[in-house]
Amino acid sequence: MTEIAKPRDDVVKKSARKPLQAAIIGAGMAGILAAIKLRQRDIDCVVFEKGDSVGGTWRENTYPGLTCDVSAHWYTYSFARNPEWDSLMASGQAIRTYFERVANEFGIVPLIRFNDEVVKLHYTDGGWDLLTASGHQQHFDIVIVATGVLHHPNIPHFERIETFRGSVFHSARWDHQVELDGKRIGVIGTGSTAAQLTSALVPRASRYHLFQRTAQWVLPRENTPYTEKDKARFRSDPGALEQLVSELRSKTMKGYATAVIDANSPELAEIERICRESLEGVRDPDLRRKLTPSYRAACKRLVISDSFYGAIQHPNAALVTSPIQRIEPEGVRTADGVLHELDVLVLATGFKVDRFIRPAQVTGRGGIDLDDVWADGPKAYLSISVPGFPNFFFLNGPNSPVGNFSLVEVAQHQIEYILKLVDGIRFGEYAEVNATEASMQRFEQERCEAARKTVWVTGCDSWYLDKNGVPASWTFSYDRFVDETRAPQMSDFEVKTSCSQADALIAAPQ
Ligand code: NAP
């Protein structure tokens, strides 16, 4: 049996703590978390952020209707609960404000270099040489990558899009100068983003067109408001708030977490039943048929909305299912020959999800290039560490749990695990640590094996699948994720001591 590393803070260390310098890449939810946790251990850190403010995805996405469909109290740091959430699911703006507030309250903002994108990381002399776009260079002992998954917009090629006379932009690059009220608006895509846009824009548009390539399963969920009385109770009774978080978590876990990893589970059947029942509410049989997916529920990420079907049935709204042929100056021409005239065209076409730290160039031990290591797709042992890249850790990295979970909670489990590895460096037990090739391969084999049972491989295309059709996500149970990230199994890691550490060991009195 492999041994479990003990929590370092409980171990009496004879050696002095080594002062460490950490680079954190990204000042979104995970980067703020990493900075707070490192500072709590007196580890110096610099956060590199290419944008001009904190918040990550909640800074980049500002589209009308933006809401986080994961319950707000669960999508909150456990050490900074927020009794003030207005409703079960919070708006994008409220979430952005929350992360800004936490970053301020925990003193993280002064540690951030804004508008400074990391372009190069090179492992040398037992640490990382970092270079930014502005030419700033600095050496760090450890690097924590917190760059997010849904970050680089996917902008498909649409023939002659440059000829469009109206305004066109991706949903994550919203142009707030563009007038929407009374305009003819088109949205391409039917994912979570497009569903939220549809609910928000149909009432404002003179005519609304939703260009659907694939129908989506939509799970209804009412966004119940919290009353002032609820909030007062959460403020005065943290126990009640924790109880609520626990209930919200277990509700999702009981149904969704089992459903996605077992396509034959009764939980998935139940989700499908609820979705179908809600779809039955669409009155026009032709529209209902067009909205009916031809694959299993949750194969693509479930859309959560109790307003989408209502909005798409509005007299102003049209669901266009004929494929897009080209864009013309006046609008979108579909394969059936119809020109859909538009003033505004929104590409709700998703994200390139295999980038992570890239396009930054990352070279590890012996000059190995992360691009080469990931030629077949991004991989990391337990989503956290890559062989050959010492002291280099991911939050919400490759194959991390994604979907309808709280990524805040996921990142919290991961940072605690990473800190245990960092403690080994801090207390002089070793100078370098990274997963072994063998543990990486074993993890990947098990992950791909487990993928066979998941709903993600039951016959749909989605951003969960990598270029080989293998789910690029955590294919085990969520319980296993929690279990495995409790503490590192050190036999899965390769560690190296520095010359000075070896000398100290030799010189140490017996
Ligand atoms: P998405 O789920 O990847 O959906 C992209 C949509 O664009 C799909 O409907 C896709 O059609 C369509 N599309 C892509 N290329 C196209 C083309 N060439 N022609 C026509 N249609 C095309 O993207 P998203 O809606 O932005 O959501 C991405 C992820 O962000 C979500 O899965 C979720 O994890 C996260 N998100 C979360 C929330 C939340 O409330 N928590 C809200 C929004 C987004 P096909 O299905 O046919 O490929």
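From a predicted model like this one, the values you see are computed outputs, not experimental measurements. Along the sequence shown, the residues carry numbers beginning at 1.
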Are the ring centres of F405 and W474 closer than 6.0 Å?
no
Mind jotting down which residue pairs meet the salt bridge (charged side-chain N to carboxylate O under 4.0 Å, His left out) criterion with at least one end in residues 457-468? Sequence neighbours excluded, please.
none
R426 side chain to R41 main-chain N or O, any donor-acceptor pair under 3.5 Å?
yes
Can a side-chain donor-acceptor contact be found between S78 and Q412 if the only test is distance below 3.5 angstrom?
yes
For S439 and T436, indicate whether the former's side chain and the latter's backbone hold a donor-acceptor pair under 3.5 Å.
yes
Do the non-hydrogen side-chain atoms of P378 and N399 ever get within less than 4.5 Å of each other?
no
Got a donor-acceptor contact below 3.5 angstrom from the S406 side chain to the W74 backbone?
yes
Please test D262 against T258 for side-chain hydrogen bond (donor to acceptor under 3.5 Å, both in side chains), starting from the C-alpha separation and ending with a verdict.
CA-CA 6 Å; D262 185 358; T258 311; over 6 Å; no
Applying side-chain hydrogen bond (donor to acceptor under 3.5 Å, both in side chains), name anything that partners Y417, two or more places apart in sequence or on another chain.
none
Within 6.0 Å of NZ in K120, more than 12 heavy atoms from elsewhere:
no
Looking at side-chain heavy atoms only, is the closest gap between E49 and I112 below 4.5 Å?
yes
Determine, step by step, whether D129 and H139 satisfy the side-chain hydrogen bond (donor to acceptor under 3.5 Å, both in side chains) criterion, reporting the C-alpha distance in whole Å, the side-chain angles of both residues, the deciding distance to 0.1 Å, and the verdict.
CA-CA 5 Å; D129 281 344; H139 189 76; 2.7 Å; yes
Are the aromatic rings of H151 and F356 close, with centres under 6.0 Å apart?
no
Using the six-membered ring wherever Trp is involved, compare the ring planes of F79 and Y77 and label them parallel, tilted or perpendicular (cut-offs 30° and 60°).
parallel
Are F493 and Y381 an aromatic pair by the rule of ring centers under 6.0 Å?
yes
Before giving the answer on side-chain contact (heavy atoms from CB on, under 4.5 Å), spell out for T458 and V455 the whole-Å C-alpha distance, their side-chain angles and the decisive distance to 0.1 Å.
CA-CA 5 Å; T458 54; V455 70; 3.8 Å; yes
Would the distance check show the side chain of R355 and the main-chain N or O of F351 forming a donor-acceptor pair, the cut-off being under 3.5 Å?
no
Would you confirm whether the ring centroid of F394 sits within less than 6.0 angstrom of the ring centroid of W374?
yes
Give a yes or no on whether a salt bridge exists between R358 and D371, defined as a side-chain N under 4.0 angstrom from a carboxylate O.
yes
Would you call the rings of Y75 and W58 parallel, tilted or perpendicular, taking 30° and 60° as the class edges?
perpendicular
Report the residue from V402, D354, N154 that forms a side-chain contact (heavy atoms from CB on, under 4.5 Å) with W463.
V402
So which of F48, Y123, F393 actually passes ring pair (Phe, Tyr, Trp, His ring centres under 6.0 Å) with W128?
Y123
Heavy-atom check, side chain of L407 versus side chain of M29, under 4.5 Å:
yes
Is the shortest side-chain heavy-atom distance between R486 and H413 below 4.5 Å?
no
If we ignore hydrogens and angles and just use 3.5 Å, is the side chain of R442 paired with the main-chain N or O of D492 as donor and acceptor?
no
Could you check whether any side-chain N or O of Y309 sits under 3.5 Å from a backbone N or O of R288, counting only pairs where one atom can act as donor and the other as acceptor?
no
Look at atom NZ of K453 and say whether more than 12 heavy atoms of other residues, nucleotides or ligands are closer to it than 6.0 Å.
no
Within the structure provided, determine whether T132 and V119 are in side-chain contact (heavy-atom separation under 4.5 Å).
no
